[in-house]
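Below is one structure, written out as structure tokens; the observations come after it.
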Amino acid sequence: MTIKHLLTGALALGIGSTAFAQTTEITITGATAFRQATMRGIYEAYLSEGALGTSFNVAHNFTGNNLSQLIASNRAVFSGKFPGITGTTIIRTSFNGSTEGLNGIAGNNNPVFLQVSALGTPGANILGGVSGPTETLRPKFSFSDVFQSTSPITTDLNGDPITLQPAGASAVGVVTFTMVANEGAPAAFTNATQQQCSALWSSGFAPLSLFTGNPADTTFVFATGRNDGSGTRSAYLTEWQFGAANLVNQYVATAAGVTVSGQITAITLVPVGGTGAGALATSGGASNASTLWGNDVLGNGGYSSSSALRDHMARTTASVTVYDGADAGSPLLEGEAILLLTWLSTADARNAVSAGAKLINYNGYGVVPRATTDPLDFNDTGFSEEDFNKIISGAYSAWSYQHLYHWGTLSANETIWRNQMTASGGWIEDGLQLTANGVRSSDMLAERSDDGFPIFAQ
């Protein structure tokens with residue numbers, strides 16, 4: 001019997017004498033890069049108490065009535081029997097980025113959640129593509145790819161100092177990342193170094209020769225990535241020693257530049273406010289703005305969701321118009337072949353690559369996220385044994401700790417839920433094992449004291 005199941009039994013015994021039905025509600029926001037492990041862990045926890053449609057039901061806002069679509073969704077609502085908790089447990093998720101998630105539990109910016117009524121009539125299928133009804137509220141928990149110290153979130157909604165670090169360690173796992181180029185990247189484009197990335201994100205674009213060493217490679221590579229509400233962005237900017245609060249130059253697809261045939265035909269330096277007028281209107285709109293650090297300036301924005309960025313990296317860019325984010329009448333390029341480069345969680349990268357994107361090594365090392373059904377998968381980790389060893393030893397440095405923060409005092413059932421999810425052998429570790437989202441903290445043979453800090457052997 002696993003520690004997880006022992007814990008479940010002990011918790012159940014501790015509250016089994018409760019004589020009345022009760023409902024516990026858990027609200028979660030934060031890291032889009034970690035949502036697949038989180039959602040898979042939550043799903044497996046409910047499933048341990050009984051079948052879908054009998055013991056629990058779930059609806060989400062992504063397309064498709066299946067598990068792979070559920071764990072990739074940004075909003076979901078579960079209702080049913082959760083192990084160790086008496087009565088009905090409702091869990092609602094709204095993933096909006098690690099730093100924005102910290103802002104949310106500080107009460108400064110309430111995210112949008114699906115209401116329980118979005119579940120509709122209970123059934124045996126996962127209900128996908130649900131757009132509402134919704135409501136905004138202050139969440140209790142937030143997953144974060146970064147330490148609170150790497151964010152600007154230091155006060156709550158009243159301006160009072162706040163420390164979101166819970167008692168004890170907040171790290172619940174390690175989330176892994178990889179560089180990704182969009183579909184159509186040439187064979188010669190295989191690696192990006194820390195210095196090359198810093199140069200590219202500083203200027204916004206560079207010739208492919210910067211990465212290949214071949215002067216004949218004159219195709220331009222453009223930087224694309226997340227807005228400053230994202231922990232993924234903080235992870236790559238700290239990893240490159242660039243600085244999480246410093247300005248970048250990133251490009252995003254325009255609203256009209258994403259075709260149904262799988263092509264991107266227009267990109268723009270992110271306009272002030274996240275979206276511009278006419279041809280400069282961006283895919284994602286005003287949510288692409290970077291506002292948490294107070295730097296809503298030209299180029300500093302980015303995608304508000306890793307799922308949108310992931311999907312765009314699986315598109316070709318053979319003939320693209322490039323705008324400067326300020327003047328739609330004077331494109332920088334028209335009808336040119338370009339390339340896009342970004343940084344994604346390995347879980348999102350696996351989905352992007354399966355649709356055509358290309359993995360790029362970082363500092364000479366690469367990992368290939370795999371399905372647990374892949375013959376090369378090592379012990380259901382989502383990596384080969386060789387890649388798994390690169391991560392846990394510290395040879396591969398594109399990773400950060402995943403934290404689970406909360407505000408205020410937890411109720412008894414909230415504490416049970418948190419302990420169930422984060423314990424050694426718990427549901428988050430299950431989710432990590434099944435999604436190629438990262439590795440368990442207990443697997444690591446290396447450590448770092450803060451985001452982007454040097455890695456040492458334990």
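Only this structure's heavy atoms are used, side chains among them; waters, hydrogens and symmetry mates stay out.
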Could you check whether Phe177 and Tyr236 have their ring centres less than 6.0 Å apart?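 When the ring centroids of Tyr236 and Phe177 are compared, they turn out to be at least 6.0 Å apart.
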
Looking only at the aromatic ring of each residue, does the gap between the centers of Phe56 and Tyr43 stay below 6.0 angstrom?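 So the answer is yes for these two rings.
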
Does NZ or CZ of Arg233 fall inside the cone over Trp201's six-membered ring, less than 6.0 Å from its centre and within 45° of the axis?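 No cation-pi geometry.
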
One thing to verify: whether Arg418 and Glu414 come together as a salt bridge, which I'm taking to mean a side-chain N less than 4.0 angstrom from a carboxylate O.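 No salt bridge links Glu414 with Arg418.
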
Short N-O contact, Glu100 and Arg226, less than 4.0 angstrom: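 Not counted as a salt bridge, because no side-chain N and carboxylate O are separated by less than 4.0 Å.
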
Chi angles and distances behind the side-chain contact (heavy atoms from CB on, under 4.5 Å) call for Thr24, Phe82: CA-CA 10 Å; Thr24 300; Phe82 193 90; over 6 Å; no

Step-by-step side-chain contact (heavy atoms from CB on, under 4.5 Å) determination, Lys390 to Phe383: CA-CA 10 Å; Lys390 291 177 192 174; Phe383 302 98; over 6 Å; no

Within the supplied structure, the quantity of interest is the number of heavy atoms (other residues, nucleotides, ligands) at a distance under 6.0 Å from Tyr365 OH; does it exceed 12?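 At most 12 heavy atoms, drawn from other residues, nucleotides or ligands, come within 6.0 Å of this atom.
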
Roughly how far, to the nearest 0.5 Å, is OG of Ser384 from CG of Leu376?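 Answer rounded to 0.5 Å: 7.0 Å.
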
Output all residues satisfying side-chain hydrogen bond (donor to acceptor under 3.5 Å, both in side chains) with Asn295, sequence neighbours left out; order by chain, then residue number.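 For Asn295, no residue satisfies side-chain hydrogen bond (donor to acceptor under 3.5 Å, both in side chains) once neighbours in sequence are set aside.
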
Regarding [X] and [Y], do their side chains bring together a donor and an acceptor under 3.5 Å, going by distance alone?
{"X": "Asn96", "Y": "Thr29", "answer": "yes"}
{"X": "Ser68", "Y": "Asn66", "answer": "yes"}
{"X": "Ser305", "Y": "Ser307", "answer": "yes"}
{"X": "Gln241", "Y": "Ser198", "answer": "no"}

Which atom pairs, donor and acceptor, lie under 3.5 Å between side-chain atoms of residues 118-136 and protein residues at least two apart or in another chain?
residue : atom : partner : partner atom : Å
Glu135  : OE2  : Arg92   : NH1          : 2.8
Glu135  : OE2  : Arg92   : NH2          : 3.1

